[in-house]
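Below: the structure, in structure tokens.
Everything quoted here is computed from the prediction, not taken from an experiment.
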Amino acid sequence: MAKLDKVLYTAHAHTTGGRDGASRTDDGRLDIALSSPGGAGQGTNPEQLFAAGYSACFIGAMKAVAARQKLALPQDLAVDAEVDLGPVGQAYGIAVRMTIHLPGMDPAQAQQLVDTAHQVCPYSNATRGNIDVTLKIA
């Protein structure tokens, strides 16, 4: 397991009630109701939060890589993330599919950017070898 060389930021969240509860951060920027996937509740679910977090982080990783390599990124770059939840034997697991939109970018350059970002992204590093992650450039 890789240890952090230095802590740059620590997020704090307080959650009650599990999948049908609520979660809020200590700074008040996030205060949400939670609901089970496909349930009748009005809140979001952990898989949706994971999809949003991973896709946002992946865009950040692409921006960092592009800055290092002096690459111009399309203004309208986007990532569509899908997080699947399902059984794995007697337990449960997730799988991730992300479609990366880099309109107008040279396909070879886009692939190299995505591959490098996948090595840099903290979510990619946390999930590598643990869950199935599929990246596709649209």
Exercise for the section: Any pair with a residue in residues 10-24 that passes salt bridge (charged side-chain N to carboxylate O under 4.0 Å, His left out), sequence neighbours left out, goes on the list, sorted by first then second residue, please. Expected result: Arg19-Glu47

Fill in the blank from the handout: By side-chain hydrogen bond (donor to acceptor under 3.5 Å, both in side chains), Asp106 pairs with (sequence neighbours left out) none

Fill in the blank from the handout: Hits for side-chain contact (heavy atoms from CB on, under 4.5 Å) against Val88, two or more places apart or cross-chain, chain-then-number order -> none

Handout entry: Chi angles and distances behind the side chain to side chain contact (heavy atoms under 4.5 Å, CB included) call for Leu85, Asn45
Key = CA-CA 11 Å; Leu85 170 68; Asn45 61 62; over 6 Å; no

Practice task
Indicate the atoms forming the closest heavy-atom contact of Pro122 with Cys57, along with that distance.
Solution key: CD-SG, 3.3 Å

Handout entry: Ile32 reachable from Val83 in the ILVMFWY side-chain graph, under 4.5 Å edges
Key = no

Practice task
Give every residue pair that meets the ring pair (Phe, Tyr, Trp, His ring centres under 6.0 Å) criterion with at least one member in residues 7-27, sequence neighbours excluded.
Solution key: none

Practice task
Go through the structure and list residues passing side-chain hydrogen bond (donor to acceptor under 3.5 Å, both in side chains) with Gln111, not counting sequence neighbours.
Solution key: Asp115

Completion exercise
Closest non-hydrogen atoms of Ser23 and Thr15, given as atom of the first, atom of the second and distance, are OG-OG1, 2.8 Å

Problem - Main-chain N/O of Ala52 paired with Ser55 side-chain donor or acceptor, under 3.5 Å - result: yes

Handout entry: Qualifying salt bridge (charged side-chain N to carboxylate O under 4.0 Å, His left out) pairs with a residue from residues 62-74, counting only residues at least two apart or across chains
Key = none

Exercise for the section: Give the minimum heavy-atom separation between Val114 and Phe58, together with the two atoms involved. Expected result: O-CZ, 3.7 Å

Problem - ILVMFWY cluster, Leu49 and Met98 together (side-chain gap under 4.5 Å) - result: no

Exercise for the section: Working to the nearest 0.5 Å, report the span between CG of Leu77 and CE of Met62. Expected result: 5.0 Å

Practice task
Output every pair passing salt bridge (charged side-chain N to carboxylate O under 4.0 Å, His left out) with a member in residues 75-96, not counting sequence neighbours, ordered by first then second residue.
Solution key: Glu82-Arg97, Asp84-Arg97

Exercise for the section: Give every residue pair that meets the ring pair (Phe, Tyr, Trp, His ring centres under 6.0 Å) criterion with at least one member in residues 59-111, sequence neighbours excluded. Expected result: none

Completion exercise
Sorted by chain and residue number, the side-chain hydrogen bond (donor to acceptor under 3.5 Å, both in side chains) partners of Thr25 (sequence neighbours excluded) come out as Asp27

Practice task
State which residues pass side-chain contact (heavy atoms from CB on, under 4.5 Å) with Ile131; sequence neighbours excluded, sorted by chain then number.
Solution key: Ile94, Val96, Thr127, Val133

Handout entry: Pairs flagged by ring pair (Phe, Tyr, Trp, His ring centres under 6.0 Å) wherever residues 118-138 is involved - sequence neighbours left out
Key = Phe50-Tyr123, Tyr54-Tyr123

Practice task
Start with the C-alpha gap between Ile137 and Met105, add the side-chain angles, then the distance that decides, and say whether side chain to side chain contact (heavy atoms under 4.5 Å, CB included) holds.
Solution key: CA-CA 11 Å; Ile137 300 172; Met105 198 167 186; over 6 Å; no

Practice task
Any salt bridge (charged side-chain N to carboxylate O under 4.0 Å, His left out) involving residues 127-138? Give me the pairs, sequence neighbours left out, ordered by first then second residue.
Solution key: none

Handout entry: Shortest non-hydrogen contact between Thr99 and Ala138, atoms and distance
Key = CG2-CB, 3.6 Å

